[in-house]
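Take a look at the structure below.
Each ligand, and each atom within it, is numbered from 1 in the order the structure gives.
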Amino acid sequence: MSLSTSYRTHTCGELRAADAGAEAALAGWVHRRRDQGGLIFLDLRDRHGITQVVIDEASAPEAHTAAEELRTEFVVQVRGRVERRPAGTENLKLPTGEIELRGRAVRLLAEARTPPFYINEPDAVIEEALRLRYRYLDLRREEMQRRLAMRAALVTAIRAFHDASGFVEVETPILIKSTPEGARDFIVPSRFQPGSVYALPQSPQQLKQLLMVAGTDRYYQIARCFRDEDLRGDRQPEFTQLDLEMSFVAEDDVMAFVEAMVIDVSRKVAPERPIALIPFPRFTYEVALERFGSDKPDLRFGLELVDLGSAVAGAGYRVFDSTLAAGGRVMGIVVPGGAGISRSQLEEYETAARRFGAKGLIWIAIEPDGRGRVRSTIFKAVGEERTEAIAVAAGAGPGDLVLVVADANITCQEILGKLRVEAGRGLGLADPDLLSYCWVHRFPMYHWDGENGRWDATHNPFSAPVPADEPLLATLSGDPTQPSPEDPAGRARAQQYDITLNGWELGGGSVRIHRRELLERSFALMGHSYEGMRERFGGILEAFEYGAPPHGGIALGIDRWAALFARVENIREVMAFPKTQSGSDLMLGAPSPAEPHQLEELGLRSVPPEG
Ligand code: ASP
């Protein structure tokens, strides 16, 4: 499709050698300007590329005078003739590098102040606050334009796949009643009903389930979600999910659909990046923790956790004995070739382990040249032979290093899981090109919330138990509103599945409870009184009395997915207008103080913070 307009015949990325001899008009920003006396060179830039313009004082004196006034980032239109560049001056790095536009007429469309940072230096290091304050300039940079385009391609591919699979895209409202996803709600006061508030959706969870009750069968949405929580690298107060829900499905149906969609979308958006394993590996939550110490394992490298309980039992090392006696675990990972690492690198592992919550880190190094030469923190206490036997039990050979942690079960697994990632990535074992997807499923339904004396959903409060575990949704007392930490409910597994990519949680979903009675029982375990749940979830509970189909769904973080495709760590890099770590929009200045009349209309008063 031609992108020509009344200002331009071509974009700045379009002209080629075959256009030589043609008349053309280009419009864009002055990327660079070089004044060589009689000749002025302009690199003219728009989103599509850069074209070199030459203005010769001898043949185009007026244009030359106009070009003398131009500065970087001025917006101009240039008319002239396309010519092949003189032999030897072609620029092979530019798609337009074989030609130049011999400018005859230069028209200034807008002047520009000197930008606060380089737009024409791809490697310039720019202060983050400046990038966010002047986001419209930051976005002019080629890299950022590429990311925006990639993100758009991602959403286009998602839509195409869903459309072809019988899904209906439905928009759900932004002003809703609170839908809990475990974060704090953003609230919007109502002017018509002073003292009442809307919540911004943490996700369209209840609405998509109601669409299933409505018979929509297959719903999806590129949905904006809002969660008022502390921000980290992969979090923003508002973010975008691919949200979907399907009727008459079991766990496998949803996972199979999502897997096919993810493969198709990945191949379209990043055709050059291999997908590590198809079908995607599936682990239960328990196995994922046991093997990788994480519910979002990075499978681009091995370094699996090894249980060392029997290898260390009776070795005479106090920490091991007391941990095992207390029902804890002693586990390790093998860092291949790690015996040769420096003292300071070892100390880095130790510091990392403590940062991850370990009381200490035990290591065993087997010297590369064979048997009998072991170094270790436990060498003195345990003796050479036994120390080596422990390392061998971990799967280590000559030249390897074993990192060992002793702690309560999940703590031990999680600390080693994080060390595993630190070691794997540090050793360069994580192939940056690979797209390594995996499923983790069958999470525990609940975890015990000791403070409030109730069970809490580990994921989604609407998730259904694994069918065989349905009878476990019960308390010892027999009354679901009187839960205790010993309840069978603590053993129930949910039909909950997370999809991960290269060690990031990309999305999560579940098959839902679709019967009112069971949902009420589950809510009661989670500490809701029957009146309380009617007040908070009355809409969906009532809907379930009108015939709800079995249904399930998932949501995938589009920002995270785009960040992983763009190979960036922070989702800000793939959002056009993100907020800072403290939730501010530095460009437009939000949040900003409310006007007194706004507060008055809403019946609100602002109380200055104490202190
Ligand atoms: N609503 C869930 C979330 O936002 C996803 C789902 O269960 O479909 O994480």
| Set of ring pair (Phe, Tyr, Trp, His ring centres under 6.0 Å) partners for His514, sequence neighbours left out |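 In terms of ring pair (Phe, Tyr, Trp, His ring centres under 6.0 Å), with neighbours along the sequence ignored, His514 is linked to no residue.
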| Set of residues satisfying ring pair (Phe, Tyr, Trp, His ring centres under 6.0 Å) with respect to Phe257, sequence neighbours excluded |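 By the ring pair (Phe, Tyr, Trp, His ring centres under 6.0 Å) rule, Phe257 matches Phe161, His162, Phe167.
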| query | In a check of side-chain contact (heavy atoms from CB on, under 4.5 Å) between Arg159 and each of Leu242, Val265, Ile222, which one passes? | reply | Ile222
| field | Sequence neighbours excluded, every pair satisfying salt bridge (Lys or Arg N to Asp or Glu O under 4.0 Å) that has a member inside residues 519-528 | value | Arg516-Glu520, Glu517-Arg521, Glu520-Arg534
| So Phe523 and Phe462, ring pair (Phe, Tyr, Trp, His ring centres under 6.0 Å) or not? Walk me through it. | CA-CA 9 Å; Phe523 281 152; Phe462 297 96; 5.7 Å; yes
| query | For ligand 1, what is the set of protein residues having any non-hydrogen atom at a distance below 4.0 Å? | reply |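 Those residues closer than 4.0 Å to ligand 1 by some heavy atom are Glu181, Ser203, Gln205, Lys208, Arg227, Gln241, Asn460, Gly508, Gly509, Arg512, Gly553, Ile554, Ala555.
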| Which word best sums up how the rings of Trp439 and Phe280 line up, parallel for under 30°, tilted for 30 to 60°, or perpendicular for over 60°? | tilted
